[in-house]
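In what follows, every chain begins at residue 1, and chains take the letters A, B, ... in the order their sequences are listed.
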Number of protein chains: 2
Amino acid sequence: MIENDIFRALADPTRRTIFEKLAAGGMNASALRAGMEISQPAMSQHLSVLRSAKLVREERRGRFVNYEVDPEGLALIAQWLAKYRAYWPARIEALKVLLKDMDQ
Amino acid sequence: MIENDIFRALADPTRRTIFEKLAAGGMNASALRAGMEISQPAMSQHLSVLRSAKLVREERRGRFVNYEVDPEGLALIAQWLAKYRAYWPARIEALKVLLKDMDQ
DNA sequence: CAGACACATAAGCATGGACTTATGCGATTC
DNA sequence: GAATCGCATAAGTCCATGCTTATGTGTCTG
């Protein structure tokens, strides 16, 4: 189940940090490690988990692999969230921002 | 960090099932167990995790405890998601539904 | 008030997951 | 083509986590 993969991937703070970094712009695994105190295999394993969850996608560039945010994972979270829209508070600021931005 | 609590709470499929049941209407812990093959302590522990994540809130009613969805947790997910709105695909059906429902 | 009931908490166990070190593999460079 | 580089994978270790059984706490009922 992909939904399970997504939430389990985001349950780890290191992976959320990686995702956040990629959201600011795609880069390769080595660049991601900069300033993060994480070993190369650990980074590779985290990226693998994020990839399985459709939160990140890769693109080979010679001997580098460029990683970037995969919108599919985010869309799946939005779908999950939409199921519970009946419970969203009426006037949360974040949702208003969200609304404004999505409505063209 | 509450954000961490939320994603870790949702990483467990049993807890997502519990949350989904509560989204269909508040009920007590025993009622939640119906048709779920889960022990009483396990249910209690799951509810405790969901409560810490602000995904669920409780309300004592005599010797029963009624549980219901806490909108705060959902709002926090929406806020997290909103940070990455630049990556949302333009025309995902779920987002259109979301939009329509939020826009009064 | 004694028992049953709804639920929480404690403690122990077993599995999962995040890390490590070591090694493999394809691409580039000299 | 040998060495290096960027990354993936393997295997082992350690801790977190979800379960269990046992027991505690508060509430209702006969």
* Tell me: CG of Asn66(A) to P of dA27(C), nearest whole Å? -> 17 Å
* Asked: Can you name the side-chain contact (heavy atoms from CB on, under 4.5 Å) partners of Glu58(B), sequence neighbours left out?
  -> Arg51(B), Val65(B), Tyr67(B)
* Find the distance Arg51(A):CZ to dC7(D):C1' and express it as a whole number of Å. => 10 Å
* Looking across every strand, which nucleic acid part, if any, lies under 4.0 Å from Ser44(B) by heavy atom: base, sugar-phosphate, or nothing? -> base
* Applying salt bridge (charged side-chain N to carboxylate O under 4.0 Å, His left out), name anything that partners Arg61(A), two or more places apart in sequence or on another chain. => Glu59(A)
* How close or far is atom P of dA16(D) from atom CG of Asp5(B), stated in whole angstroms? -> 15 Å
* Arg33(A) CZ to dC5(D) C1', straight-line distance once rounded to whole Å -> 13 Å
* To do: Take atom CZ of Arg16(A) and atom P of dA18(C), then tell me their distance rounded to the nearest Å.
  => 11 Å
Please list, pair by pair, any protein nitrogen or oxygen found under 3.5 Å from a nitrogen or oxygen in nucleotides 18-27 of chain D.
| from | atom 1 | to | atom 2 | distance (Å) |
| --- | --- | --- | --- | --- |
| dG18(D) | OP1 | Arg15(B) | NH2 | 3.3 |
| dG18(D) | OP2 | Arg15(B) | NH1 | 3.0 |
| dG18(D) | OP2 | Arg15(B) | NH2 | 3.2 |
| dC19(D) | OP2 | His46(B) | NE2 | 2.3 |
| dT20(D) | OP2 | Ser39(B) | OG | 2.9 |
| dT20(D) | O4 | Gln45(B) | NE2 | 3.0 |

* Structure fact -> Residues at least two apart in sequence or cross-chain that pass side chain to side chain donor-acceptor pair (under 3.5 Å) with Asn4(A), listed by chain then number, are Arg16(B)
* Tell me, please, which residues at least two apart from Ala23(A) pass side-chain contact (heavy atoms from CB on, under 4.5 Å). => Val69(A), Tyr84(B), Tyr87(B)
* Asked: Would you say Tyr67(A) reaches dA8(D)'s phosphate, i.e. side-chain N/O to OP1/OP2 under 4.0 Å?
  -> yes
* Pairwise distance CD1(Ile2(A)) to CZ(Phe7(A)) - rounded to 0.5 angstrom -> 11.0 Å
* **Whole-Å gap separating P (dT21(C)) and CE (Met43(A))** => 16 Å
* Please report, rounded to the nearest Å, how far the P atom of dC19(C) is from the CG atom of Leu47(A). => 12 Å
* Structure fact -> When rounded to whole Å, the CD to P distance for the pair Glu59(B) and dA6(C) reads 18 Å
* **Summary of side-chain hydrogen bond (donor to acceptor under 3.5 Å, both in side chains) pairs that have at least one residue in residues 32-46 of chain B, sequence neighbours excluded** => Arg15(B)-His46(B)
